[in-house]
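None of these values were measured; they are calculated from a predicted model. Note that these values count all heavy atoms, side chains included, but never hydrogens, waters or copies made by symmetry. Order of the sequence lines sets the chain letters (A, B, ...), proteins ahead of strands, with each chain counted from 1.
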There are 4 protein chains.
Amino acid sequence: MNRIVVPAQAAGRLGDAWRHCVGTGRFNLALRQDYQESLALAQREIGFRYIRGHGLLSDDVGVFRPYDAAGHRGTRYAFTYVDQVVDAYLSLGVKPFLELGFMPEALASGTDTVFWWKGNITPPRDHSEWARLVRAVLRHLIDRYGLSEVRTWPVEVWNEPNLHVFWKDADQEAYFRLYEVTAKAVKEVDAELQVGGPVLSPGADDWWEPFAEFVTSRDVPVDFTSVHAYTSGPAEHVPFGVYQALRPPRNLLEQFARPKELLAGTPLADLPLHVSEFNTSYRPDNPIHDTAYNAAYLAPVLAEGGDVVDSFSYWTFSDVFEEVGIPTSFFHGGFGLLTHRQVRKPTYHLYAFMARMGQEILARGADHLVTRDDATGRVTVLAWQPVGGTDAPAEPDRHELSLSVPVPAAAGGRAFVVRYDVDTERGNAWHAWGEMGRPASPSSRQLDLLRDLAEPARTASSSPVTPAPDGAGTGRVDLDLVLGRHGVTLVEIDVVRDETPEWLDDSRVLGT
Amino acid sequence: MNRIVVPAQAAGRLGDAWRHCVGTGRFNLALRQDYQESLALAQREIGFRYIRGHGLLSDDVGVFRPYDAAGHRGTRYAFTYVDQVVDAYLSLGVKPFLELGFMPEALASGTDTVFWWKGNITPPRDHSEWARLVRAVLRHLIDRYGLSEVRTWPVEVWNEPNLHVFWKDADQEAYFRLYEVTAKAVKEVDAELQVGGPVLSPGADDWWEPFAEFVTSRDVPVDFTSVHAYTSGPAEHVPFGVYQALRPPRNLLEQFARPKELLAGTPLADLPLHVSEFNTSYRPDNPIHDTAYNAAYLAPVLAEGGDVVDSFSYWTFSDVFEEVGIPTSFFHGGFGLLTHRQVRKPTYHLYAFMARMGQEILARGADHLVTRDDATGRVTVLAWQPVGGTDAPAEPDRHELSLSVPVPAAAGGRAFVVRYDVDTERGNAWHAWGEMGRPASPSSRQLDLLRDLAEPARTASSSPVTPAPDGAGTGRVDLDLVLGRHGVTLVEIDVVRDETPEWLDDSRVLGT
Amino acid sequence: MNRIVVPAQAAGRLGDAWRHCVGTGRFNLALRQDYQESLALAQREIGFRYIRGHGLLSDDVGVFRPYDAAGHRGTRYAFTYVDQVVDAYLSLGVKPFLELGFMPEALASGTDTVFWWKGNITPPRDHSEWARLVRAVLRHLIDRYGLSEVRTWPVEVWNEPNLHVFWKDADQEAYFRLYEVTAKAVKEVDAELQVGGPVLSPGADDWWEPFAEFVTSRDVPVDFTSVHAYTSGPAEHVPFGVYQALRPPRNLLEQFARPKELLAGTPLADLPLHVSEFNTSYRPDNPIHDTAYNAAYLAPVLAEGGDVVDSFSYWTFSDVFEEVGIPTSFFHGGFGLLTHRQVRKPTYHLYAFMARMGQEILARGADHLVTRDDATGRVTVLAWQPVGGTDAPAEPDRHELSLSVPVPAAAGGRAFVVRYDVDTERGNAWHAWGEMGRPASPSSRQLDLLRDLAEPARTASSSPVTPAPDGAGTGRVDLDLVLGRHGVTLVEIDVVRDETPEWLDDSRVLGT
Amino acid sequence: MNRIVVPAQAAGRLGDAWRHCVGTGRFNLALRQDYQESLALAQREIGFRYIRGHGLLSDDVGVFRPYDAAGHRGTRYAFTYVDQVVDAYLSLGVKPFLELGFMPEALASGTDTVFWWKGNITPPRDHSEWARLVRAVLRHLIDRYGLSEVRTWPVEVWNEPNLHVFWKDADQEAYFRLYEVTAKAVKEVDAELQVGGPVLSPGADDWWEPFAEFVTSRDVPVDFTSVHAYTSGPAEHVPFGVYQALRPPRNLLEQFARPKELLAGTPLADLPLHVSEFNTSYRPDNPIHDTAYNAAYLAPVLAEGGDVVDSFSYWTFSDVFEEVGIPTSFFHGGFGLLTHRQVRKPTYHLYAFMARMGQEILARGADHLVTRDDATGRVTVLAWQPVGGTDAPAEPDRHELSLSVPVPAAAGGRAFVVRYDVDTERGNAWHAWGEMGRPASPSSRQLDLLRDLAEPARTASSSPVTPAPDGAGTGRVDLDLVLGRHGVTLVEIDVVRDETPEWLDDSRVLGT
């Protein structure tokens, strides 16, 4: 095996597109204890900037409240739950990425709904009433959180209007009308609020040009565009679950890049582009989400996605989620980085590993990303076994990789190398849960064990710092990594400052 | 004004019927952060033994889960949320008082629902399927929490079947059938599980005799009976609220006592009787619940209720509650002892005061309860201004009361007297919120102020211990209490052990 | 009584000199649980920027560690405890104001010590060894916390060298030598570190000119000057305590201003001047510190001190302090704003009140300070009963004050007025403890009561906003304040935005 | 290698002697934050019943306080710190094992001291004054914590009086006098308080008979006896550390057993015997304490010690300890189960593993202990590599062990096997710290890594339940364990209840 020589010169910056935003179950679920504990954990260890989910305007949040009693008639806009949720977000260091939807029943033109929790997906029966609602929401948020803060919260108009399931008849004209009314209502509140769309699902290439044409010709405000990306095929249903084929990871990056290609030449081409949802499978009941495979699959996507889009938002941070009903089993193929009750899944570790990377990219390949920290010069390696989706051959049981890594020290000393491993058996609560007999509702003891067994395997050792092969000033550390099946590894390398006193004699300690 | 001489001999024991149980919004709401924080607070300062609410079997808890896919067909019983909630309850030191209801949609015989959250109120379409569900729930609980623990959890069959709103057609025969099937299913799991009913609302005197007759004649198990009590008249609606007339507090105690009178002579007469719900108004949108009036009104009920029933359960501990929809305003007449986000209401203080009383009753009157602590001999006084409901004359601005209280010390020393006051202005967040302009969704600063202003006024002083008027050995402390309008006061009296050193000369300290 | 009309125009900025720094017991005590809990509380409610105490280099911190064993000889500089303490400070949001002292025994030229805990107060036996120590400490801090951070930490050389008790023979020449060696060692590490002195006690006016002359003539670095201020007379001892006469509060402000007067015309005159300790009494066993008198006395000092110095640091934030031995009684006249175990003293409330003031000064008088908040326009009033020290006549039982306060609203609406009161009986744990019989070591119950009774009395009401007397646009609120004896009051005034719905009819609620 | 067949019948009960008590640094150190956090952790994961250390009566706790000022003269007994510490202990679920000592300076007959912190080791200058002090302490504790509670707290008289370093001249007669005076003072307060001694160090066999003779002949109360045990040889000093030879672990158990042999035939023979201190080395600066070797060495001692004594108390739970001065390096050979700032050492894991064992002993051998849990039937295995002290040959790099373990299930199913490993590299923060370059005061990042790397390696798998070799009803699980060098392993075996739904097809999930 060849040793890859990682250059000491930076090849670029990693950026934060990978953690700019994360997805969440519907707005109302943010009131839950389990949800807030999970988000607090993710914020401590990953640190997302924004959070995006459906249902801000749905009836279980209770904003739009017409009344007619005792001779009094009108509409109240009530923010009891909105404020509880947004207060919680901000206190956890994450901002809302606002999605305006779905339709309050009392304002809806029809009764069609989506999901087990029945979000109404029909256009407003009165567009000026809708505009009033939009303005009321934004004015309230500005009143409570301040204009300069709310100006940093993107406002997305609806969700995946190109799908019948999310928008009555997938009616493009009706969506454009909604977009226009909404965008103008937003700007009426404050011209610097950021509004965007069209929040398309995969497979809607034919919507981009008409959208660009519509907003350009009518001078409708657009501050950013957004799209979703998933790589799974059709769902093959079993009770409480599905299986699906999966295209290769590269297809995700192609989906990320597609809107800019389609918008080339339009005024929208240079706007920020947010992948406001992505994942392997678009189903909340596909076991793939619980596996190390999912992490290995997404590793190159996290490493490269920032090259083509301004953000890409993992759908979702937690299994507290109810689109196909309340989960009947602890692991159930949910989108979450975390299960109910905060067991870390392999993909959570991928994100936590990314959060430990440096700002400079030194090397990036099919199975690795090497970065350096601006402040300390620490070099960090993320490595993974490449996996290729359903049609690729089964992966071998191990994956090897050799690197020569530059360190900020002259040759002659040592480097401290700490390594964290996740694969089909290690750092893998789903595996442990399988060995346990797949308890649907694990006991308190089982939860404790799952939390323990979800932790990545850890090792620490020191390695010699050797001269650079090219004779350059900086020293080198050789890493020979053997990853397990579907493995993802984090390696951190710090130069050792040896403080061992001269009188220490290990041979006189029995413990060595 | 006469000074009431409190005897040094105990007249009885106070007991815990007043805090044996507390009511809660529907089961699913227990997943909320706000709910759990509020319950934690109430448990620290009041310490309820049981908690009871609706909706354990409703679809938003997700227990009953038929499936039919890919050739697999059957029913799963899923406890994902049940376990999260019951785990939380037990960790907070409170046990579930199980109410079996409402009907899972997939098991219902009809589509009638109750409340904004649409609890299905129709009989099962298949009683043996219902019995299977009941057994599955209890077996799971026993499996997870242990048989000896679950045997201490009462199991109530349905809720207020005498009302059309809660039980299709208020069909007595159908309820009796449900009761029989359910009680037998419970006992099939374990003969020592405690099952009871008929959980009647006020005004159902005519149900008691038939129920006794039914269970006796058919040998249906009944381990306890239960009833509800409210003293408000019909609702006069305004938007998002009601006004109601109120009968005097004594009427609550009469309602408590009624079932035993009606059951006299039947085998049910000697069973434990639980008032599994009570309050002034039965509406979650009557401002009375937020007032000091509510506390003064309930003070004599808490002081005496334990004489006639085994428990009486305040409906409910928190404003996290959604029967008539999501509250549109911070104070909205909710049942809660606590508002959203843990502002203590006056009635909360009444309960917290009760939790500081001793075990022995020394005196009890129309405006006071005096107790002594078994362990320390501390004497505690709860006093209140008597209030009489809608038809009583308006209460004066102050209420006076003089007591001679026995203390466990000889005459000659001093007693430390600490006092906490709640009335229309003090310890009254509702008043403060009114002065603030009734903000629908208070800012973080306003919430902080409301929490501060919700605290009872506190004073501390010392009083001389004087000889007993009757020359008996124990000393006495004179208390002259002036309460504010709708006032409730707690007074704790400890004998001072003076540790002032002989050299202390207060006159040499500028601060005195 | 005349009503004082507070101008709507700001007269200046309040600044943060009053909370720039706070004093603490010796460095080692910062390892204590009680200490850290108290500091956390003070930081939440007051928010000091720096913390300063003695003993960084004393042997109970263990920095200077000569060794000689098994043929190995030298000195280790050990930072085990230094790092624990500074880590804790920074995590609580406060930075160290470094005082270099006292002398490690192994480096001392003599055996003289100060305090029960025996800080060695003699010059180094080897000045270059001392300089090495100083450099090692600063290099370590820079290594751990970063150069840019440590450059913001003032470095003071020794403490009160003009007193025999703190510096062997109060030898001025020896101090100047120490100062020179130290200041140069500091600058050798980094030229932008901030070093200063001479940290004089009250009554050392004759040291300023020689110090200025010494550093100027020899080009010794000085980045700031520092001095201490106390207004008590000689101690009259009783067991475990003292009584002392007290000069008027104005004397404190005169002491603050004195160094600048004495340094006029020297290059030191324009340097920042820190009062790195001040209080009424300089004794940690004078009951004055526990009283409301102390708070009323210091109120005008906090209101005005920032006019003459860059900071003035209350000595000290907590009773965790051992200069005259371990306290034998809960209240014992300790310096602390907080007692052991976090009972707030009246002077703590004064500081917490100050932390709620706005940035603009609208009015300042003998018994009041009125400010306005930049962001919200909220007007806040701090008022106090003026007290005059031992020779002043006894203060009356009440103090009255009338203000017309400008509010950011037109006339016609209402203002929400919230008020917190501390005086000889209210918000006064010391009073409550006296009534309790002065328990030396209060029981858990007594501690709970003391924490309750330490809280200021709180009231909330609303007042009409009236037209400005001068016809100017802004509205006015009239405040008629009656303070208790030795009272300190905080009043916050917010304009009410009335959200009362039109259908609300208070007369239909029994609770009003 | 032979497979050891573990019987299904219990051979005895494990008991709690191993965690009945734990040692601690001096009383005053319990005021520290780091100490209390460490104790809280140990209590959560191990759960000691009692805690014992020196210095309750030393001057840094401040109990004995003579005064003479302003004409007032006497002695105060001050409990400011005693109460803070004991309150903390009880709130953490651990009770004090009281050691009366050392001598308050003002009551001492001489100036000899022990330790860096200078505990005075001379007899009282006035034995009746000492008795008054003893009574005052116990009366205060009873007053604060209740008689029934304090009766459960053993009272030990002094510490290792047979050593010159702990008791002036190791004067046996003087100790017996102190013992008599103290024991009688204790019983004067309450006859059921438990008093004991003589708290001998290793190597004091000749004190037992005279002690028995003394107390018997003079009818001096003795409720228990106590002794200390260490197996290290003389200290070979280097700066800030020592090396020592070590006898085999069996020698520790022999020392435990010795007093009962020596007391055979005396009335003391049947009293409870507490090993109130034990460890490998008696030095707080021997690196052995930080190693996996120490854990492997003590494993058989923890497994068997309870057979011969009522308790044996590890000296000590935390490196917060200052007998030879303040540690100059993070790892420094301290006694602690935990380092400063809560890094778990290998011996900590041994204790935490023991805390997960069942109550019934199924098998016990030179390298293993197998237990079963009363409530659940879970079988737990503790295994270790036998190590033999300095004179034993170096241990090989691995240790193998095969067991056939009975499980509470019939053959045919599966068992879930979870395993935790500690050895020279795994679960070994000392190793990781060595690789880091032995930082004297680790940075915040290094502390985080050390905490991560201190965690035992974890694996989970399932194994088939096979028929018992003897055809008996209960099933069996085969364990083939390979331990690392100086390894200690915990294995927990639970019978699997398989809840895998029939439709689950792992082959359709990419992650498997």
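- If you measure heavy-atom distances from A:Phe240 to chain B, the contacts under 4.5 Å come from the side chain alone.
- In this structure, no portion of A:Pro439 lies under 4.5 Å from any heavy atom of chain B.
- In this structure, no portion of A:Val320 lies under 4.5 Å from any heavy atom of chain B.
- Chain A forms more heavy-atom pairs under 4.5 Å with one residue of B:Ala30, B:Pro239, B:Ala69 than with any other, namely B:Pro239.
- Taking the six-membered ring where the residue is Trp, the centroids of A:Phe321 and A:Phe335 are separated by under 6.0 Å.
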* Please assess B:Val134 against B:Val189 for the test side-chain contact (heavy atoms from CB on, under 4.5 Å), listing each intermediate value before the final yes or no. => CA-CA 9 Å; B:Val134 168; B:Val189 174; over 6 Å; no

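- Residues B:Leu133 and B:Pro104 come closest through the heavy atom pair CD2-CG, 3.9 Å.
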Would you list the atom pairs in which one atom of chain A and one of chain B form a donor-acceptor pair under 3.5 Å?
from     : atom 1 : to       : atom 2 : distance (Å)
A:Leu31  : O      : B:Gln33  : N      : 2.8
A:Arg32  : NH1    : B:Tyr81  : OH     : 3.1
A:Gln33  : N      : B:Leu31  : O      : 2.9
A:Arg65  : NH1    : B:Ile326 : O      : 2.8
A:Arg65  : NH2    : B:Ile326 : O      : 2.9
A:Arg76  : NH1    : B:Thr328 : OG1    : 2.9
A:Thr80  : OG1    : B:Pro327 : O      : 2.6
A:Tyr81  : OH     : B:Arg32  : NH1    : 3.1
A:Tyr81  : OH     : B:Glu322 : OE2    : 2.5
A:Asp83  : OD2    : B:Ser441 : OG     : 2.3
A:Gln84  : NE2    : B:His340 : ND1    : 3.4
A:Asp87  : OD2    : B:Arg341 : NH1    : 3.0
A:Asp87  : OD2    : B:Arg341 : NH2    : 2.8
A:Arg144 : NH1    : B:Ser441 : O      : 3.0
A:Arg144 : NH1    : B:Pro442 : O      : 3.0
A:Arg144 : NH2    : B:Pro442 : O      : 3.1
A:Glu322 : OE2    : B:Tyr81  : OH     : 2.5
A:Ile326 : O      : B:Arg65  : NH1    : 2.7
A:Ile326 : O      : B:Arg65  : NH2    : 2.9
A:Pro327 : O      : B:Thr80  : OG1    : 2.6
A:Thr328 : OG1    : B:Arg76  : NH1    : 2.8
A:His340 : ND1    : B:Gln84  : NE2    : 3.4
A:Arg341 : NH1    : B:Asp87  : OD2    : 3.0
A:Arg341 : NH2    : B:Asp87  : OD2    : 2.8
A:Ser441 : O      : B:Arg144 : NH1    : 3.0
A:Ser441 : OG     : B:Asp83  : OD2    : 2.3
A:Pro442 : O      : B:Arg144 : NH1    : 3.0
A:Pro442 : O      : B:Arg144 : NH2    : 3.0

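- When the ring pair (Phe, Tyr, Trp, His ring centres under 6.0 Å) test is applied to A:Phe27, no partner is found at least two apart in sequence or on another chain.
- Remark: A:Ile142 CD1 to A:Leu147 CG distance equals 5.0 Å, nearest 0.5 Å.
- Counting heavy atoms from C-beta on, the side chains of B:Leu141 and B:Phe79 never come closer than 4.5 Å.
- Residue contact with chain A, scored on non-hydrogen atoms closer than 4.5 Å, involves the backbone of B:Val61 exclusively.
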* To do: Go through B:Leu41 and B:Leu338 one step at a time and tell me if the side-chain contact (heavy atoms from CB on, under 4.5 Å) criterion holds.
  => CA-CA 9 Å; B:Leu41 177 60; B:Leu338 291 164; 3.9 Å; yes

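- Note: B:Leu138 CG to B:Leu98 CG = 7.0 Å, rounded to the nearest 0.5 Å.
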